[in-house]
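The structure appears right after this line, and notes come after that.
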Amino acid sequence: MLYTDVFIISSSYLLFQDIDKIVYGFLVLFLVSYITDLIINTNRQAVQFTIFSPHWQEIATAINNEAHRGCTVLDGTGWYSKHPVKILLVMCRKIESVTIFRIIKSIDKNAFITQANVNGVYGKGFDEMKVKMPTARNHHGNHHTVGVKGTDTNGYGNLPSTSGHPDSLA
């Protein structure tokens, strides 16, 4: 669609032979595309917080209870201090980021926080992953979907089975 617009704007030079109209056309095309993208994707923008605090348990509980977002606790080691630290990883919508900051700062004003824009957060509370699975023929000539849980012994195509392992997905 964008290629068509570029072609139409560029070919209008043959009709008008006025470079100002071409520049104006590309400017309008850029602005309309940018604003349309903002309108469509504003609610889908997500951020990732990485939080370092000795009050990590209180912060995680407050984020769960007040912001209704999950937290992942990671183990780390401070290189300078050589002490073990707990790191909280939180994903939320961009519009929820102020709430997360307020929760953290109300518990620990000295918490070390990083915030990063994230592209593509999929799962509960975020977007649903929409991937078309390839189909293949089995030895009977029937079609089946490759890599979908329940089609193979472990549900992940030709990966080796991990059944019996406590963290097994199969």
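Residues take their numbers from the sequence shown, with the count starting at 1. Computed from a predicted model, the values in this text were never measured in an experiment.
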Does N64 reach the main-chain N or O of R69 with its side chain, forming a donor-acceptor pair under 3.5 Å?
-> yes
With sequence neighbours excluded, residues passing side-chain contact (heavy atoms from CB on, under 4.5 Å) with I8 | T4
Atom pair CD/CG of Q57 and L88 - distance to nearest 0.5 Å = 9.5 Å
Which residue pairs pass the ring pair (Phe, Tyr, Trp, His ring centres under 6.0 Å) test when at least one of the two sits in residues 60-96, sequence neighbours left out?
-> none
The residue among I100, V47, T50 that forms side-chain contact (heavy atoms from CB on, under 4.5 Å) with Q115 is V47
How would you list, by chain and number, every residue that makes a side-chain contact (heavy atoms from CB on, under 4.5 Å) with E58, sequence neighbours excluded?
-> H55, I107
Might you work through the side-chain contact (heavy atoms from CB on, under 4.5 Å) test for V73 and W56, ending with a clear yes or no?
-> CA-CA 8 Å; V73 179; W56 62 272; 3.8 Å; yes
Got more than 12 heavy atoms from elsewhere within 6.0 Å of NZ, K82?
-> yes
Residues two or more places apart in sequence or in another chain: which of them pass side-chain contact (heavy atoms from CB on, under 4.5 Å) with S12?
-> F16, I22
Kindly write out the residues that satisfy side-chain contact (heavy atoms from CB on, under 4.5 Å) with E66, not counting sequence neighbours, or none if the list is empty.
-> A62, I103
Heavy atoms from other residues, nucleotides or ligands near OH of Y24 exceed 12 (cutoff 6.0 Å) | no
Partners of D20 by salt bridge (Lys or Arg N to Asp or Glu O under 4.0 Å), sequence neighbours excluded?
-> none
